[in-house]
Protein chains: 2
Amino acid sequence: MKPSFEDLKQELKIKNINLSHQRLKVIEFLTQNRCHPTVDQIFTNLQKDIPTLSKTTVYNTLRTLVASGLVRVITIEDKETRYDIVTENHGHFKCESCGTIFDFPIGIDSMIPGVLSKFVINDKNVYLNGVCPRCLSNLNENK
Amino acid sequence: MKPSFEDLKQELKIKNINLSHQRLKVIEFLTQNRCHPTVDQIFTNLQKDIPTLSKTTVYNTLRTLVASGLVRVITIEDKETRYDIVTENHGHFKCESCGTIFDFPIGIDSMIPGVLSKFVINDKNVYLNGVCPRCLSNLNENK
DNA sequence: ATAATAGTTGTAATAATTATAAGTTTGTAT
DNA sequence: ATACAAACTTATAATTATTACAACTATTAT
């Protein structure tokens with residue numbers, strides 16, 4: 001279930017995190033743009049609404065949201081940290097050709113082996129890399 | 001099956017990659033230290049053997065080895081890229097307390113859902129974060 | 001042996017992120 | 001409403017990881 005903007009505002013209140021203008025805008029952006037944006041993408045887009053916005057604020061806000069568990073960090077690729085509103089168990093596929101990141105459903109829990117039974121697991125990520133169907137067909141056309 | 005140093009030398013020859021002194025040392029280090037080292041750890045350790053070693057060379061070598069498929073990049077944590085000799089399907093668990101990265105066996109293929117049937121998958125990673133048993137028991141002792 | 005190619009090195013440049021300190025905003029108690 | 005304290009934001013500077021580059025060295029094939 002994808003959490004709505006209102007759900008998230010509620011969550012923040014419960015966790016005692018101030019609902020500043022900038023924070024709300026970051027959350028709003030993440031709920032409306034489920035494309036796993038980078039800090040830079042978030043910053044550039046929000047700047048249109050908030051001309052005085054500082055990139056440090058975007059970093060600070062994301063750190064707060066990640067610590068509170070509302071947002072997750074996606075490090076599918078070296079050298080580009082991305083952010084995602086936390087939703088159900090799902091994995092990420094990154095197309096090496098067009099760069100798009102696709103979500104896909106996956107039940108990770110069932111495959112965690114017994115050797116880890118004494119480990120406390122706080123976060124689970126499944127990352128795949130490859131080429132998406134769209135790029136595959138484009139490659140074929142250009143043959 | 002963990003590839004030996006000799007196996008890897010053979011692989012390089014087959015792939016037509018020069019067996020320079022520095023490259024061999026990097027591979028040797030990775031086979032003997034399966035702790036998923038960072039560039040900095042590799043560099044610092046090899047410097048003892050090769051005083052003239054440059055960090056650029058470590059970066060270059062790792063790029064070459066990753067491109068050839070002999071080494072994989074581990075981006076389990078933001079801001080610290082790690083490297084691993086490619087072995088069988090396995091996942092990585094990082095302890096948030098002591099920082100150790102543990103390998104664990106996992107069969108990812110069986111859980112990739114049908115929606116991805118038209119995607120070409122080149123690389124698969126499962127990353128878990130949490131606390132390892134050793135750190136858990138230390139935390140309990142200090143109560 | 002020699003030329004051509006590939007690899008290495010040190011330095012400089014770039015890019016992402018964090019630290020810091022001053023200025024603003026917000027919430028609370030009066 | 002007002003004033004105070006705490007929290008948040010901002011801009012700049014500092015730090016860190018990585019890449020670009022050009023000169024130098026080693027290696028390979030003829």
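Keep in mind that this is a model prediction, so the values were computed, not measured. Numbers restart at 1 for each chain; the letters A, B, ... are given by sequence-line order, proteins then strands.
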query: For B:I121, which residues count as a side chain to side chain contact (heavy atoms under 4.5 Å, CB included) partner, sequence neighbours excluded?
result: A:F93, A:L128, B:I112, B:K124
Residue list, salt bridge (charged side-chain N to carboxylate O under 4.0 Å, His left out) with [X], at least two apart or on another chain:
| X | result |
| --- | --- |
| B:D103 | none |
| A:D123 | none |
| B:E96 | none |

Rounded to whole angstroms, how far apart are [atom1] on [X] and [atom2] on [N]?
| X | N | atom1 | atom2 | result |
| --- | --- | --- | --- | --- |
| A:R63 | C:dA19 | CZ | P | 7 Å |
| B:L62 | C:dT8 | CG | P | 12 Å |
| B:L12 | C:dA6 | CG | P | 16 Å |
| A:L24 | C:dT26 | CG | P | 11 Å |

- prompt: Taking five pairs at each end of the helix from C:dA1-D:dT30 to C:dT30-D:dA1, what angle separates the two helix axes (nearest 10°)?
  reply: 30°
query: Is the closest basic N to carboxylate O distance between B:K13 and B:E11 below 4.0 Å?
result: no
I'd like to check the side-chain hydrogen bond (donor to acceptor under 3.5 Å, both in side chains) partners of [X]; sequence neighbours left out, ordered by chain and number.
| X | result |
| --- | --- |
| A:R23 | none |
| A:K79 | none |
| A:H90 | A:D84, A:T87, A:H92 |

task: List the protein contact pattern of nucleotides 8-18 of chain D with one symbol per nucleotide (5' to 3'): B for base contact, S for sugar-phosphate-only contact, - for none; contact means a heavy-atom distance under 4.0 Å.
output: SSBBB----SB
